[in-house]
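Labels below follow one simple rule: chain letters A, B, ... track the order of the sequence lines, proteins then strands, and each chain is numbered from 1.
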There are 2 protein chains.
Amino acid sequence: MTRATIKDVSRVAGVSIKTVSRVLNKERYVSDDMRQKVEEAVARLNYHPSLAARTLAGRRSFQIGLIHDNPSPYYIFNMQAGVGQRCREANFRMIIQPCDINSPGLVDDIGALIDQAQLDGIIMTPPVTDVGTALAELFRRKIPVVRVQPGTDLTATSAVYIDNVQAADDMTAYLISLGHRRIGLVTGHANYFASGQRLTGYRQALQRAGIGFDAALIHPGQFDFQSGAAAAEALFALPEPPTAIFASSDEMAAGVLAAAHRMGISVPDQLSVAGFDDTDLAQVVWPSLTTIRQPIRDLGYAAADLLLEFGETIERRQLPHELIVRGSTAAPKG
Amino acid sequence: MTRATIKDVSRVAGVSIKTVSRVLNKERYVSDDMRQKVEEAVARLNYHPSLAARTLAGRRSFQIGLIHDNPSPYYIFNMQAGVGQRCREANFRMIIQPCDINSPGLVDDIGALIDQAQLDGIIMTPPVTDVGTALAELFRRKIPVVRVQPGTDLTATSAVYIDNVQAADDMTAYLISLGHRRIGLVTGHANYFASGQRLTGYRQALQRAGIGFDAALIHPGQFDFQSGAAAAEALFALPEPPTAIFASSDEMAAGVLAAAHRMGISVPDQLSVAGFDDTDLAQVVWPSLTTIRQPIRDLGYAAADLLLEFGETIERRQLPHELIVRGSTAAPKG
DNA sequence: GGCCCTGCTGACCACGCTGTCTGCTTTGGC
DNA sequence: GCCAAAGCAGACAGCGTGGTCAGCAGGGCC
């Protein structure tokens with residue numbers, strides 16, 4: 001038994017091939033009578049149109065690409081889930097393309113992907129969003145692009161994002177409201193534009209509260225567990241250590257927790273710890289993390305939505321974040 | 001500027017279209033002279049063959065599907081990384097299909113995927129591996145299938161797996177060697193065949209050490225954090241609680257840790273905790289988890305390898321696991 | 001020298017669908 | 001009641017490849 005083709009459907013329905021095609025593509029000018037006959041035949045034969053043939057004959061491939069270079073399984077998983085759901089709704093397919101932003105072959109790889117699969121659009125996540133050569137290649141091919149949390153050339157493509165400045169401000173203000181005055185900040189990788197934005201939000205909240213900025217309290221990290229632990233150790237070693245540490249990712253916050261455990265500093269009694277992202281990690285460590293919920297799945301869904309609804313037209317959409325308070329933060333004692 | 005086609009290549013190289021096709025597909029009967037001319041033209045035009053056209057004209061689509069219904073981002077991420085790498089090496093593409101094993105549309109969804117994309121093969125991960133109706137649909141279509149860690153019909157398809165019995169035996173034996181006699185076991189979801197295998201390994205190690213089996217020490221879980229915490233609380237409440245708890249996943253082990261923290265039980269002094277999988281979680285919680293490293297990425301790579309190398313021929317491959325000792329286990333005190 | 005076999009190349013068609021264009025029928029406005 | 005416009009259906013070409021088959025050259029055999 002071989003699979004049914006559009007010919008089989010047209011024969012069973014007693015109409016022309018083109019009419020079947022019209023029904024499948026929801027084109028105008030098909031009578032209800034015809035439409036019904038075709039739909040019955042499709043259901044009876046369990047017919048599914050060949051993507052290859054549609055792509056070859058038509059202008060669309062019904063496929064979009066998701067390009068990422070992000071080490072966090074949680075981020076990728078949720079991103080895929082969001083993009084994937086929107087794709088399913090539109091009967092599109094999603095092609096995943098992991099890449100390495102430091103690889104010299106990056107641009108060629110992306111070009112080959114688009115050529116081979118004839119993608120209808122591209123979604124990029126940070127930090128690939130800010131690789132100029134890759135962006136240029138996409139523009140050259142005039143393919144619709146949506147970037148998630150882009151850092152540069154904000155008006156160049158469609159984009160979805162959260163307000164990183166406000167989010168960091170919210171968390172900092174919350175820690176201040178608990179009574180903290182010396183708040184350590186573990187920043188993210190410099191490649192991520194969001195890192196700088198979060199620093200801005202942090203400073204903004206301090207200033208509003210009339211607390212002076214102390215550069216010694218800022219420590220660079222790489223978004224990962226190790227760098228969080230290292231940053232915590234450096235901050236604890238200060239002459240006047242912080243009573244709270246705000247890490248720019250949950251992974252780094254987990255590193256801070258581990259360092260505190262090792263050094264016998266109890267959380268949240270002696271030290272408050274806050275993260276960013278609300279990955280599943282946040283609820284799995286002990287104590288569970290106060291953090292900023294970043295709606296990664298929704299960002300993915302929105303990115304796919306922009307691509308499918310607007311195509312080349314440039315649109316942008318900002319999604320809300322949320323402050324999630326859990327057990328890792330408390331008022332400083334004394 | 002539109003993309004180059006095989007026609008352009010043939011014109012530039014001064015040969016027929018078919019000869020270009022032969023070079024691309026590494027067919028026999030092409031002289032070195034011709035091959036070189038074609039390769040130069042391909043490079044000069046930066047030509048990439050259209051997947052759609054190849055699929056339509058030929059018997060292969062150069063695409064394989066990865067079907068999963070697994071809630072763990074870490075598992076999926078690494079699985080994809082392994083399969084993806086092997087695909088890249090073979091210039092194949094990987095189509096991700098998340099699914100819901102409880103959905104009535106499961107079989108239709110899988111059928112539609114294969115029909116639409118004309119996949120050359122399918123990789124399945126647990127628990128989809130053991131859904132009889134889905135397997136039957138794949139057999140009906142005579143499509144090559146590789147299952148990862150299948151639980152049923154072991155000889156029906158190609159498969160890759162680790163020795164779950166031995167792995168659980170190894171961990172249990174290790175805990176016994178530390179001096180533990182009462183060892184709690186938090187099993188996994190009943191849908192996963194591996195859960196039963198791990199119980200077998202646990203019993204096997206106990207028996208070899210001459211320790212009696214106590215059913216009260218076995219507690220069912222769902223592989224997730226919550227059920228791990230709940231199981232730990234139940235086990236602590238026993239008249240004679242365990243001195244060690246072996247959880248069938250790192251997530252559940254993290255739940256055990258959290259419950260212990262909440263109840264003021266120190267790990268590993270008063271309680272040893274062991275996990276399974278060696279996900280990145282294992283190193284992020286405190287104390288870091290003693291666990292069994294399951295080579296998920298390698299399993300994915302091997303699965304894709306079997307598919308690409310052997311096609312319909314049934315092959316199986318067992319990969320090694322490894323006992324990873326970290327800070328969450330120690331000798332029982334007293 | 002005629003034969004077949006192997007190595008190599010190209011002409012041509014088919015794959016399953018969409019885009020275009022043609023032509024017929026119905027509707028609506030005066 | 002006539003004509004233009006809108007509604008509708010189908011014939012046909014072509015998308016960019018791979019498969020089939022025919023054809024040609026050269027070498028080894030009888």
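Close to D:dG7, at under 4.0 Å from its OP1 or OP2, lies no side-chain N or O of A:Arg22. Here B:Ser21 does not reach the OP1 or OP2 of D:dT17: none of its side-chain N or O atoms lies under 4.0 Å away. Side-chain nitrogen and oxygen atoms of B:Arg59 include at least one within less than 4.0 Å of the OP1 or OP2 phosphate oxygen of D:dG19. OP1 or OP2 of C:dG10 sits under 4.0 Å from a side-chain N or O of B:Thr19.
Cation-pi contact between B:Arg54 and B:Phe62: present, with separation from the ring centre below 6.0 Å and deviation from the ring axis of at most 45°.
Remark: side-chain polar atoms of B:Ser158 are not paired, donor with acceptor, to backbone N or O of B:Val146 under 3.5 angstrom.
Contacts between residues 29-54 of chain B and DNA chain C, defined by a heavy-atom separation under 4.0 Å, are made by B:Tyr29, B:Val30, B:Ser31, B:Met34.
Atom CG of A:Leu56 and atom P of C:dT18 are 11 Å apart (whole Å). Regarding B:Arg3, its CZ atom lies at a distance of 13 Å from the P atom of D:dC15, rounded to whole Å. Rounded to whole angstrom, the span from the CD atom of B:Glu27 across to the C1' atom of D:dC21 amounts to 14 Å. Per the geometry, CD belonging to A:Gln116 stands 14 Å off C1' belonging to D:dG16, to the nearest Å. Between A:Arg11 atom CZ and D:dG10 atom C1' there is a gap of 17 Å when expressed in whole angstrom units. If you take CG of B:Asn25 and P of D:dT17, they are 11 Å apart, rounded to a whole angstrom. Rounded to whole Å, atom P of D:dG16 lies 9 Å from atom CG of B:Asp8. Rounded to whole Å, atom P of C:dG19 lies 11 Å from atom CD1 of A:Ile6.
Between the side chains of B:Gln118 and B:Arg60, no donor-acceptor pair of N or O atoms lies under 3.5 Å. Under 3.5 Å, the side chains of A:Arg3 and A:Asn46 contain no donor-acceptor pair of N or O atoms.
With respect to the salt-bridge test (charged N to carboxylate O, under 4.0 angstrom), the residues A:Asp153 and A:Arg147 do not qualify.
A:His68 places none of its side-chain heavy atoms less than 4.5 Å from the side chain of A:Tyr75. B:Thr155 places a side-chain heavy atom less than 4.5 Å from the side chain of B:Arg316.
As judged by a 4.0 angstrom heavy-atom cut-off over every strand, A:Ile17 is placed among the base-contacting residues.
A side chain to side chain contact (heavy atoms under 4.5 Å, CB included) with A:Tyr47 is found for exactly one of A:Val38, A:Asp8, A:Leu24, A:Val12, namely A:Leu24.
Axis deviation across the helix from C:dG1-D:dC30 to C:dC30-D:dG1 amounts to 30°, comparing end segments of five pairs, rounded to 10 degrees.
Nearest heavy-atom pair, A:Asp69 versus A:Val128, reported as atom, atom and distance to 0.1 Å: N-CG2, 3.6 Å.
Side-chain atoms of B:Lys18 and base atoms of D:dG19 include a donor and an acceptor less than 3.5 Å apart.
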